[in-house]
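What follows is a short report on a single structure.
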Amino acid sequence: MGFLITLLILLLIAAAAFVCWFITYRKNGRCPICALEKMGKPTRVTINTDGEDDYGNGAALTPPMGWSSWNTFRQNISEDLILSTAAAMKLSGLQDAGYQYINLDDCWHSSLRDEEGRLQGDLGKFPSGIQNLISKINLMGLKAGLYSSNGTLTCEDLPASLGNEVKDAETIASWGCEFFKYDFCHNKRISGDAPAIEGIEISRPGKSAEITLRPEDAVFEGRARVVKLNRLPSKKAVGLLNHGAGSASFTFKVDISGEYVLTMLTYKSMNLTHEQYLQVIVNGKTYEMFFPKTKGFTPTGRAQLKVTLLSGENTLVIKNPIRTMADSSFVQYTRMGNALKEAAVKAAEKEGRAVKPILFSICEWGTAFPWNWGAKAGNMWRTTHDIFPMWKSIYLIYRHNVKLYTHAGPGAWNDPDMLEVGNGKLTEDENKAHFSLWCMMASPLILGNDIRQFVSDDAKPIENHPILNIVTNKELIAIDQDPLGKPAKLITRFHGIDILARPLENGELALCFFNTSSKSKGISFDINELADDEYVDFHANQSLYSVKELWSGEVFSAKVLSASIPKHGVKVYRISK
């Protein structure tokens, strides 16, 4: 009985605290119901992206191919190692096979930004500087990639780019970087909370306010509306902007086009323990404003923003569309993606050359389901957490990534992470299967092994190197790089064998048998069973097809494919009518 009484008292205290929070939150001009709604939503983007253009920067029309430092070398990279790796890519034949990016992952840079606040290479390990390193890589006919994180620090606790997007994008673009991986460590989520706005003053720099927009001037959407304030009962404010509750829009005129200052008069809650956020959309261009924690000694705060206005009529919209963690990720990755596109154009104009688009690799580990929005923010997106050189890791990543085949296409790719071919204790069959599955799924082919091992002391490719032979299989690479850009679909599973089909350009088909079990398996499959699959689009019903098995090179004619497949092994066929 005593336990039940104690539990009841605790529940009553919790209920009273909740009611108090609810009333206070509402009196401060915010929507408590909207704040609670986020708790019941999945971790998905709730911002409406319909009608927005895809990223479309002209990069990665086929999945990118290259090498990254992380899987093998992690933090132990240097100028000499990177240059010797680039030379090995050229000498080994990897470049001729299509590999072109040399990507420096975490730890390429110093813990110190330079005197102008720019990123710079590690002062000991990259003595010539990153720009000089990239120039040397370019002279070999290769492209260079760099890394940062969408957080306050990188995964190895070095300076990252959150809050420095424009500066860092301009820095790497000026160096000639053409690939940028953007991780998710130390991420600082954008708050869904928003301040109540008592008014907006508009002035030219150095001048007094020329126009004041008041709450009653707004046109509202959603739950947003004019509210009365707890500490200022005689004043009104634009409220209920938080957590996607609604928006307020204003229309006004100025006489002269140019730069203006918007001063937001905000209502300050007592003891606000977190940042607040607003998007300010002026004539279609989105600006962001962050409002700090405050003790709220005075009830009205001031926050300023520089914007460009047009002579005549202008429109201004204020809102906070952030409901979930995924919304925050989408906004932050879109911010960096836009900065990279603009920086690439700016660098080209400054140097009088053609634009070198920067391939934008979104690496937020799949937590915000980026396959649903990645094409509007970048060129590729990680669909899972990190890969490891173990069969179970590769298999689980494949199992998840293969389901996402409808979300990828030219310029926008699902990324199941870098290749571990040649790493760890993978068997030859597992290495072949790993490479084949990534090619079937139209995945980026970013090598993660030490490719210097492919080159002999006399600077020639090592003949019949088993790993080099796998990663330079031209037939499989042609599948990965097929211009149609449609990843494979898992057609069915048959007694431990996955059957994947990928439509190819010119009406051809790639078919893969993948033995997921721990013992050899046999299979027979009638190609005509694919005739009615709309995605595969192989509308034929023939007695014979032209077939080539891409690992053995065997060419034959058949309608029914029969094969024995070793454990964790594959057979991959290119089929034409």
SB check [X] [Y] (cutoff 4.0 Å):
| X | Y | result |
| --- | --- | --- |
| D327 | R323 | no |
| K376 | D53 | no |
| E156 | R74 | no |
| K486 | D482 | no |
| E116 | K167 | no |

Donor-acceptor pair, [X] side chain versus [Y] backbone, under 3.5 Å?
| X | Y | value |
| --- | --- | --- |
| S84 | D80 | yes |
| W413 | A60 | yes |
| N379 | G411 | yes |
| E364 | T367 | yes |
| H243 | A245 | no |
| N150 | C185 | no |
| T154 | L158 | yes |
| W373 | A326 | no |
| Q120 | L112 | yes |
| E165 | G163 | yes |

Do [X] and [Y] have a side chain donor and acceptor closer than 3.5 Å?
| X | Y | value |
| --- | --- | --- |
| S174 | Q131 | no |
| N320 | Q276 | no |
| E420 | N71 | yes |
| T72 | D450 | no |
| H186 | D157 | yes |
| T263 | Q304 | yes |
| N414 | H407 | no |
| Y147 | N103 | no |

Under the side-chain hydrogen bond (donor to acceptor under 3.5 Å, both in side chains) test, which residues partner [X], sequence neighbours left out?
| X | result |
| --- | --- |
| W371 | none |
| T62 | Q481 |
| S161 | S148, D168 |

| said: For K346, is the NZ atom crowded, meaning more than 12 foreign heavy atoms sit under 6.0 Å from it? | reply: no
| message | Take a 6.0 Å sphere around NZ of K319 and say whether it holds more than 12 heavy atoms from other residues, nucleotides or ligands. | response | no
| query | Which is it for T427 and H568 under the side chain to side chain contact (heavy atoms under 4.5 Å, CB included) test, yes or no, and what are the steps along the way? | reply | CA-CA 9 Å; T427 67; H568 303 167; 5.6 Å; no
So [Y] and [X], do their side chains get closer than 4.5 Å, heavy atoms only?
| X | Y | result |
| --- | --- | --- |
| L426 | V421 | no |
| I362 | F180 | no |
| L476 | S436 | yes |

How far does [atom1] of [X] sit from [atom2] of [Y], to the nearest 0.5 angstrom?
| X | Y | atom1 | atom2 | result |
| --- | --- | --- | --- | --- |
| C107 | F126 | SG | CZ | 9.5 Å |
| I130 | S110 | CD1 | OG | 10.5 Å |
| Q279 | I318 | CD | CD1 | 12.0 Å |
| Q100 | F179 | CD | CZ | 10.5 Å |
| F369 | L404 | CZ | CG | 10.0 Å |
| L91 | M140 | CG | CE | 8.5 Å |

| Shortest non-hydrogen contact from C512 toward M440 | CB-CE, 3.8 Å
| task | Would you confirm whether the ring centroid of F291 sits within less than 6.0 angstrom of the ring centroid of Y277? | result | no
| query | Quick check, are the ring centers of Y99 and Y101 under 6.0 angstrom apart? | reply | no
Check the angle between the aromatic planes of [X] and [Y] and answer parallel, tilted or perpendicular using the 30° and 60° thresholds.
| X | Y | result |
| --- | --- | --- |
| Y395 | F514 | tilted |
| W175 | W108 | perpendicular |
| F360 | Y333 | tilted |

| task | Start with the C-alpha gap between N401 and T383, add the side-chain angles, then the distance that decides, and say whether side chain to side chain donor-acceptor pair (under 3.5 Å) holds. | result | CA-CA 7 Å; N401 193 77; T383 56; 2.8 Å; yes
| Just checking, K341 and Y55: is the charged tip under 6.0 Å from the six-membered ring centre and within 45° of the axis? | yes
